[in-house]
Amino acid sequence: MNAHTPRRRDKTVYPGKVAIRHAKEAAVEMGIDPGGLEICPDGTIRIFDRAAIPNAPPKDEFDEWLMSGKLG
């Protein structure tokens, strides 16, 4: 490789829809209530349990009404 040859980047290998669906189904079978997921360029799929995601307190009255379900 000389100074004028561009570097070859490793191609990212994101998981496909089927792999993501299978990971979600496996999480549900293990009793996890999926609340979010992270998909990494190396193919890693992380599924987060809804109970582990902290609920932020309402910022103002509008958010409080929205979270209570009074706005419809």
Arg46 side chain vs Glu38 backbone, donor-acceptor pair below 3.5 Å
no
Please assess Ile20 against Ile39 for the test side-chain contact (heavy atoms from CB on, under 4.5 Å), listing each intermediate value before the final yes or no.
CA-CA 9 Å; Ile20 296 167; Ile39 302 168; 3.4 Å; yes
If I take atom CD from residue Glu29 and atom NE2 from residue His22, how far apart are they, to the nearest 0.5 angstrom?
10.0 Å
All heavy atoms of Pro15 vs all of Gly43, minimum pair found to be CD-CA, 3.7 Å
Separation between CG of Leu66 and NZ of Lys59, rounded to the nearest 0.5 Å
10.5 Å
Can you tell me how far the CD1 atom of Ile47 sits from the CE atom of Met30, to the nearest 0.5 Å?
7.5 Å
Main-chain N/O of Ala52 paired to Asp49 side chain as donor or acceptor, under 3.5 Å
no
How far does CG of Asp33 sit from CZ of Phe48, to the nearest 0.5 angstrom?
14.5 Å
